[in-house]
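The structure under discussion appears below in the form of structure tokens.
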2 protein chains.
Amino acid sequence: MARSYEQHCGLAHALDLVGERWTLLIVRELLAGPRRYTDLADGLVSAPSNLLATRLREMQANGIVVRRTLPAPASAVTVYELSEDGRRLAAVVTELTRWGARTLTPSPEGRPFKAHWLVPALAARFQPTAAAGVSETYELQIDGQEPVGFYVEDGTGEARLGAVENPAVRLAADLDTFMELSSGAIDVREALVRGARIEGEPEALARMSTILPPPAR
Amino acid sequence: MARSYEQHCGLAHALDLVGERWTLLIVRELLAGPRRYTDLADGLVSAPSNLLATRLREMQANGIVVRRTLPAPASAVTVYELSEDGRRLAAVVTELTRWGARTLTPSPEGRPFKAHWLVPALAARFQPTAAAGVSETYELQIDGQEPVGFYVEDGTGEARLGAVENPAVRLAADLDTFMELSSGAIDVREALVRGARIEGEPEALARMSTILPPPAR
DNA sequence: CCGCATCCGATGTGATACTG
DNA sequence: CAGTATCACATCGGATGCGG
């Protein structure tokens, strides 16, 4: 199968399993929930089809991914999802995302962005201490893509794809505006001028800024 | 320079910087302190020399590693060390190590082990809650290599290379014995039979087992 | 020795095309 | 939709060389 570092070291062994190109990005995709092959290809944007197939095979062999055929009424679709061991990679993805986000330039022109990438991105921003005693939900919609909810419940927080019923804050904006608003580079007034739509009380928006701050520089 | 995923995503950007082969293992080496080129080559065991040189150049260009020439009295040696941004990767390495250690088989025949790999390995084992109110130090020496100290101070913990002055526990053993002792597969009596040397009070050893437990299965 | 650079065969990657 | 097949090319790994 794949090559190995052949070292008795937890890090080396982890990289033997998920260190090859595209593997952790596939994990990122699956952290948003089960996905079918073409959805994965779409979310990975530029991954060659043969590599995706190869990686999915390896990840199944390594017990990270499970392939399942949904017994749908109409047509049977096959989806991939993380195994329990694969889900444990969430902490790894969070730390890498946190580290990378610090030096991620605001928006280098034309780089694609997908809404479900917010799932690990928001997890990386989450500040548990700021969330103590707070229980509410925020909804973010970027570039008109599928909305993402962030559910705060007294010190814990979780991001999930999909619209939220009665969010404390509902924010819709393009990527640049969202990034600059959350970093404090622009204020709410300026964001609205740029076409953002913001619902909810100012206090809730302030809490959200504290609970999901941008990466510290 | 190197290739990029070209995605507006913290994880993808992090992998653009540290996702290539050997890069995170070089970070592991440097987490134990500044090291010279040949020490790195030795600690990486099987990394090709040209790849090491290439990676070190890339990591300098990316601001992860700093190359410094020590103005030594006798001969000027050049060492590599982590920049501040590079040191922030400690959390990433810890999470990957923790994840990988869970499925790292006890000792697949003949795989090399280096004492300084314990620095991230112990950080991955560390349980802050168990360390609350405890302030003491443990010294581990595996396979007769350089000893490693783990310094606990009321809820915080840190591993550093080198012998410890007055440790609460001093443990010397071969790798297998250490792994099986810490996992509970064998007891102290059996470890001693296998040639381990253990100093310190039983209570301190018990605390160490709680503060630095093996990865949960 | 230390700190790399060069060479070369094996392997992995990426773009495109194609099939059940 | 869910992958295979093909192929040019980049990277990797192992060995070796080489000046300071």
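In this text, all values refer to a predicted model and were calculated from it rather than measured experimentally. First the proteins, then the strands, lettered A, B, ... as listed; each starts at 1.
Annotation: salt bridge (charged side-chain N to carboxylate O under 4.0 Å, His left out) contacts of Arg88(B) (sequence neighbours excluded): Glu84(B), Asp85(B). When the side chain to side chain contact (heavy atoms under 4.5 Å, CB included) test is applied to Glu139(A), the partners found at least two apart in sequence or on another chain are Pro147(A), Ala163(A), Val164(A), Pro167(A), Arg170(A). By the side chain to side chain contact (heavy atoms under 4.5 Å, CB included) test, Ala14(B) is found to be paired with Leu96(A), Trp99(A), residues two or more places apart in sequence or in another chain being considered. In this structure Arg87(B) satisfies the salt bridge (charged side-chain N to carboxylate O under 4.0 Å, His left out) test with no other residue, sequence neighbours excluded. With sequence neighbours left out, the salt bridge (charged side-chain N to carboxylate O under 4.0 Å, His left out) criterion links Arg55(A) to Glu58(A). By the side chain to side chain contact (heavy atoms under 4.5 Å, CB included) test, Arg98(A) pairs with Thr94(A), Glu95(A), Ala124(A), sequence neighbours left out. When the ring-ring contact (aromatic ring centres under 6.0 Å, His included) test is applied to Phe150(B), the partners found at least two apart in sequence or on another chain are Phe126(B). Applying the side chain to side chain contact (heavy atoms under 4.5 Å, CB included) test to Ala32(B) and every residue at least two apart in sequence or in another chain returns Arg35(B), His116(B), Val119(B), Leu161(B).
At least one side-chain nitrogen or oxygen of Tyr80(B) sits closer than 4.0 Å to the OP1 or OP2 atom of dC4(C). Considering only side-chain N and O atoms, Arg55(B) lies under 4.0 angstrom from the phosphate OP1 or OP2 of dC12(D). Dashed line: the shortest gap from a side-chain N or O of Arg67(B) to OP1 or OP2 of dC4(C) is under 4.0 Å. In this structure, Arg21(B) reaches the dG13(D) phosphate: one of its side-chain N or O atoms is under 4.0 Å from OP1 or OP2.
Distance CG (Leu70(A)) to P (dA2(D)): 10 Å, rounded to an integer number of Å. Atom CD in Glu58(A) sits about 10 Å away from atom C1' in dG12(C), given to the nearest Å. Rounding to whole angstrom units, CZ of residue Arg57(B) and P of dG3(C) are separated by 15 Å. Rounded to whole Å, the distance from CD on Glu20(A) to P on dT11(D) is 15 Å. Going from atom CZ of Arg3(A) over to atom P of dT11(D) covers 12 Å, rounded to whole Å. Protein atom CZ of Arg68(A) is 14 Å distant from nucleotide atom P of dA2(D), rounded to whole Å. Atom CD in Glu6(B) sits about 16 Å away from atom C1' in dA15(C), given to the nearest Å. If you measure from atom CG of Leu51(A) to atom P of dA15(C), you get 10 Å, rounded to the nearest angstrom.
Near DNA chain C, meaning a heavy atom under 4.0 Å away, the residues from residues 22-49 of chain B are Arg36(B), Tyr37(B), Thr38(B), Ser49(B).
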Please produce a list of atom pairs where a protein N or O lies less than 3.5 Å from an N or O of nucleotides 6-9 of chain D.
from   : atom 1 : to       : atom 2 : distance (Å)
dT6(D) : O4     : Asn50(A) : ND2    : 3.1

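Considering only side-chain atoms of Thr78(A), the nucleotide from dC12(D), dC4(C), dG3(D) that sits closest is dG3(D).
Within the structure, every pair that satisfies the ring-ring contact (aromatic ring centres under 6.0 Å, His included) test and touches residues 14-58 of chain A, not counting sequence neighbours, is listed here: Trp22(A)-Tyr5(B).
Across all strands, Tyr5(A) comes closer than 4.0 Å to no nucleic acid atom at all (heavy-atom distances).
Under a 3.5 Å cut-off, the side chain of Asn62(A) and the backbone N or O of Ile64(A) do not form any donor-acceptor pair. Between the side chain of Thr23(B) and the backbone N or O of Gly19(B), no donor-acceptor pair lies under 3.5 Å. Side-chain atoms of His8(A) never come within 3.5 Å of backbone atoms of Phe113(B) as a donor-acceptor pair (strictly under, hydrogens ignored).
In the helix from dC1(C)-dG20(D) to dG20(C)-dC1(D), the rotation axis of the first five pairs and that of the last five pairs differ in direction by 30°, rounded to 10 degrees.
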